[in-house]
Every structure is written in structure tokens, then in C-alpha cells.
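In what follows, a single structure is set out as C-alpha cells and then discussed.
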Amino acid sequence: MTTIRVDAAEVAELGVALAETGADLLLMGDPAAERWALGPGDAGPAAEELLGGWRRVRLALGRSLSELGEAGVEAGSLYLDTEAGVSRSLSGGSW
């Protein structure tokens, strides 16, 4: 039989780290603003297209990580609440 052990505090900490990473990705500046450094020619538009794609992916990833982080924090908190309730019930306390 398989046993799964969940460390609620680590789940919550992971959630915080994911949410922070997502927020950092969302707050990054727009790299297209630096296009001027490439000067005229084909390189500027090509770099802008590449960076625009990266920006779309970065924003989507940032949103997803933020949502996943929030879910992790909530799950960790629920695990902690459940463990506390089970501990109280086993020691004769009430929920």
C-alpha cells in the first residue's frame, strides 16, 4: 500500500514561493522598450517579435504561478487546520 505524507507547512511555503515568482514575472518591464538599442534594419523588428512572444508567455506563466501559489497556500492552511483538528479530537478535545 502506498503512503503519502504531506508536510502542510512546506506546501504553504511552496505556495508563497510560487506566488512571489509569479508576481515577479508579472512585474518585469516590457523588453520591447529596449528595441532602440538595435538600431534600424531587420534585427530590431525580429527582436521585437521574439521579445513580444516572450512577454506573452511570461505574463501567462506569471498569472498561472500566482494562481498555483494561492492554491498552495490555501491547501497548506487547510492541511494545518485538519491536522490541528485531528490532534484535538485524538486528545479528547473538540473540533
Side-chain angles (χ1 to χ4, degrees):
M1 184 163 109
T2 303
T3 302
I4 298 174
R5 175 156 164 57
V6 176
D7 186 324
E10 285 186 16
V11 170
E13 288 173 17
L14 175 61
V16 169
L18 289 172
E20 288 174 352
T21 302
D24 289 345
L25 285 171
L26 291 171
L27 293 174
M28 286 177 69
D30 184 359
E34 305 299 328
R35 180 184 180 273
W36 65 268
L38 296 173
D42 293 337
E48 191 168 340
E49 182 179 340
L50 174 70
L51 295 175
W54 159 239
R55 183 173 188 273
R56 284 188 299 279
V57 170
R58 177 179 52 82
L59 292 174
L61 179 60
R63 285 189 296 271
S64 294
L65 285 176
S66 294
E67 291 171 5
L68 185 60
E70 290 171 12
V73 169
E74 184 176 348
S77 297
L78 290 172
Y79 273 115
L80 287 172
D81 290 346
T82 301
E83 287 177 353
V86 168
S87 178
R88 279 192 305 273
S89 71
L90 293 175
S91 65
S94 63
W95 285 72

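Keep in mind that the numbers below use all heavy atoms, side chains included, and drop hydrogens, waters and symmetry copies.
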- Cluster question for you: counting only ILVMFWY and a side-chain heavy-atom cut-off of under 4.5 Å, with indirect links fine, are Val16 and Leu65 together? no
- Considering all heavy atoms, the nearest Ala23-Ser66 contact: N-OG, 3.7 Å
- Same hydrophobic cluster for Leu61 and Leu68, using side-chain heavy-atom links shorter than 4.5 Å among ILVMFWY? yes
- Could you tell me whether Glu74 atom CD has more than 12 heavy atoms of other residues or ligands within 6.0 Å of it? no
- Query: Per the side chain to side chain contact (heavy atoms under 4.5 Å, CB included) rule, which among Arg63, Glu20, Arg58 passes with Leu25?
  - Reply: Arg58
- Item | Closest approach of Gly76 to Val11 (non-hydrogen atoms, all atoms of both residues) | N-CG1, 3.7 Å
- Task: Give the minimum heavy-atom separation between Leu80 and Ala9, together with the two atoms involved.
- Result: CD2-N, 4.3 Å
- Interatomic spacing from CD in Glu67 to CG in Leu18 - rounded to 0.5 Å: 12.0 Å
- Message: Please check this pair: side chain of Thr21 against backbone of Ala17, looking for a donor-acceptor N/O pair closer than 3.5 Å.
- Response: yes
